[in-house]
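We name chains A, B, ... by the order of the sequence lines, and we start the count at 1 in each one.
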Number of protein chains: 2
Amino acid sequence: MSRSASIKDVANHAQVAVGTVSNVLNYPDRVSQRTKDRVLQAIDELGFVRNDAARQLRAGHSRTIGLIVLDVGNPFFTSVVRAAEDAAALQGSAVLLGDSGHDAGRESNYIDLFQEQRVQGLLISPVGDVTDRLDVLRERGVPTVLVDRLADEAQYSSVSVDDDAGGYLAARHLLDLGRRRLAFVGGPTSIRQVADRLQGAQRAVAEVPDASLEVLDSAGQTVLAGRSVGDQLVRRSPDQLPDGVFCANDLLALGVMQSLAMMHKLRIPEDIALIGYDDIDFAVSAVVPLSSIRQPTEALGRTAIELLAEELDTPDSAQPRHRAVIFTPELVVRQSTAGV
Amino acid sequence: MSRSASIKDVANHAQVAVGTVSNVLNYPDRVSQRTKDRVLQAIDELGFVRNDAARQLRAGHSRTIGLIVLDVGNPFFTSVVRAAEDAAALQGSAVLLGDSGHDAGRESNYIDLFQEQRVQGLLISPVGDVTDRLDVLRERGVPTVLVDRLADEAQYSSVSVDDDAGGYLAARHLLDLGRRRLAFVGGPTSIRQVADRLQGAQRAVAEVPDASLEVLDSAGQTVLAGRSVGDQLVRRSPDQLPDGVFCANDLLALGVMQSLAMMHKLRIPEDIALIGYDDIDFAVSAVVPLSSIRQPTEALGRTAIELLAEELDTPDSAQPRHRAVIFTPELVVRQSTAGV
DNA sequence: CCGAATCATTGAATCGTTTCATTAGTACGA
DNA sequence: TCGTACTAATGAAACGATTCAATGATTCGG
């Protein structure tokens, strides 16, 4: 239960000055081999571990980056988080992770915490309106990068995915298969992601003369919501049926698939080609493996860290440059839209 | 880009001593109302935020708890994490989350990091053999609680779930439905969880004279592995079929269900009653909603924090008492084992 | 062999907070 | 009026690492 060893203990034990121990740790080149060996041995014998609090007190800032996501349970964010952690580790920083759970209160608490911790910078996928708080942080030299949200480039850097392009990709793919009577299944269009994906799909359909796109509003973004849409489809007469269905996310698509599979009147992809969005793990192992749109989550996480690093490298004097990086998602073709 | 205000700046601005500002923050009762008001106003005007590094340097330890999980993407751990965060917040601590991803190297890095951060204590779901490192931590007054792993009570506290009891529950439930020809589907029994669940199931079966349990080894713990087991079942002649199937996790069960559903020769639950383990989100929204065994993840996370707090409250002089808390899982009945 | 240049090492000052012994101020009873 | 008891406020010391100007040691060219 002994208090852990400090740099001073190491110095005594190795018969050198504290400054020398510090140099061994931070600027090994400045120290002769002999002393370095002695110091390293002392460190080993005492089991010395740097006290990060003291270090960052002196430095004025920590070596950590705050990251606040909407929901760690969501595979999209899980993947972003992991990529961000790895990218941060490469540049010698650690990531403090906060899960706001779509709750503005929790979000605000994490901002407080991270501010007390004097994080170098902040990555955030915001819930509430946090611009005021972020402005304060910026004034204090703590840059922010918005994640999965397009930002005013004059104010912040940001990384996001082009949902319109994703919607276009999905619809275009169905059209390329020769399908013409398309349907879009998606929750309330008040959700930006849903609206953008729909818009992209409409753009693709507009390019093909005899193609049409019907919008089927779903109650939510869940498997069950998808199943109830699917149940409605199954009841239609054959000439009223779409031949290609694009769902705003994979859960909806799996629901639709379940519904069709249970009735086993309509075949996927022969009668209806089906595509989802997000490429969740379950997409591969669905009864009929589900085509989907994959978002470059690793690139998102990595780039967010890089943009932050750019701002941190900007000398205090210079005006920081912000950048908004927009990624294009990727089409993943599986059996649910296989050519027939 | 101004350096952020320190307690000294606040003291000057409010015309008081630094100690007084500190008292306002930590012991408001010791300060008169008048001064308190002046100080709080100064804090507000300067936008002062405590520097946690300085605080913990003085205190000798931080107000954070390290938590290392095997996989944040796994809903089991996601839920444990969230519960632990909430419980920690109640006692004024924050949780630093590390995801080892089943990698002993990453695990070790996180232990290093947390040690530098001087965390109060550590919760860990270990990958490798970390007992040596945990021993060092304990010597330094940093207690550890093992999560989802039963530990030698003389050494550590731990929280875990009784997988044997879970297996018993599942099999017992099938037996209670009148099923007698049971099958267990599970990955390599070298995985402790799998072995324990099987053992519990065997215990239940042994209690019923004319009941039998067949073990079907699956390649892994995935939907696809489950499907291939299901495919084998479907090919059997009716008199060779089990009438109750217990899968070591929900993914396997969903795979088996898919396989049976696709062939639509065998009905669930009429011909085969099916139960999984873990109660993942997808269990509810399966084609036939899946019965499962739910693990008390919130209780795990909360209790882990509480056990840690117990050890932290133990005075340095006293011998710390360790406790191993074992939770019993819970049966969730859905349509896949509905009475017929 | 001397002075200059280079290299290695030293140790005091510093970061921002908390703690605590000390001082100042106030109220009250005798 | 004095002493006591209490409350409020003070400010220096301490935590542990880093930094940097100063010092000491060594090498090298002339």
Just the rounded figure in Å: distance from P of C/dG16 to CZ of A/R140. 13 Å

Separation of C/dG16 atom P from A/Q115 atom CD, nearest Å, is 15 Å

Could you state the interatomic distance from NE2 (A/H13) to CZ (A/R38), rounded to the nearest 0.5 Å? 11.5 Å

So, does B/D129 use its side chain to make a donor-acceptor pair with the main chain of B/T131 at under 3.5 Å? yes

So, does B/Y27 get its side chain near the phosphate of D/dA8, meaning an N or O under 4.0 Å from OP1 or OP2? no

Ignoring hydrogens and angles, tell me if any N or O in the side chain of A/E85 forms a donor-acceptor pair with the backbone of A/V95 under 3.5 Å. no

Which of these passes side chain to side chain contact (heavy atoms under 4.5 Å, CB included) with A/F77: A/L300, A/L97, A/L70? A/L70

Carboxylate-amine/guanidinium contact A/D99 A/R106, below 4.0 Å: no

Length of the line joining B/R118:CZ and D/dG16:P, which is rounded to integer Å: 8 Å

Value in whole Å for how far the P atom of D/dG16 lies from CG of A/N12: 13 Å

Separation of B/I7 atom CD1 from D/dA12 atom P, in whole Å? 15 Å

Using atom CD of A/E116 as one end and atom P of C/dT17 as the other, report the distance to the nearest whole Å. 10 Å

Taking atom P of D/dG16 as reference, at what distance in whole Å does atom CD of B/Q117 sit? 16 Å

Is the backbone N or O of B/V72 less than 3.5 Å from a side-chain atom of B/T78, with the two atoms forming a donor-acceptor pair by type? yes

Over how many whole Å does the gap from B/L25 atom CG to C/dT18 atom P extend? 6 Å

Does a side-chain N or O of A/R50 approach OP1 or OP2 of D/dT18 to a distance below 4.0 Å, or not? yes

Sub-3.5 Å donor-acceptor pair from the side chain of B/D9 to the main-chain atoms of B/S6, do we have one? yes

What does the list of N/O pairs under 3.5 Å between the protein and nucleotides 5-7 of chain D look like, with a distance for each?
none

B/S100 side chain to B/V69 backbone, donor-acceptor under 3.5 Å: yes

Contact class for A/N26 vs. all strands (heavy atom < 4.0 Å): base, sugar-phosphate, or nothing? sugar-phosphate

Show, in sequence, the C-alpha distance, side-chain angles and deciding distance for A/S62 and A/Q120, and conclude whether the side chain to side chain donor-acceptor pair (under 3.5 Å) test is met. CA-CA 6 Å; A/S62 69; A/Q120 296 179 286; 5.9 Å; no

Pick out the pairs of N or O atoms, protein on one side and nucleotides 8-15 of chain C on the other, that lie under 3.5 Å.
residue: C/dT9; atom: OP1; partner: A/S32; partner atom: OG; Å: 3.0
residue: C/dT9; atom: OP1; partner: A/T35; partner atom: OG1; Å: 2.4
residue: C/dT9; atom: OP2; partner: A/S32; partner atom: N; Å: 3.0
residue: C/dT9; atom: OP2; partner: A/T35; partner atom: OG1; Å: 3.2
residue: C/dT10; atom: OP2; partner: A/A17; partner atom: N; Å: 2.8
residue: C/dT10; atom: OP2; partner: A/T20; partner atom: OG1; Å: 2.6
residue: C/dT14; atom: O2; partner: A/R58; partner atom: NH1; Å: 3.3

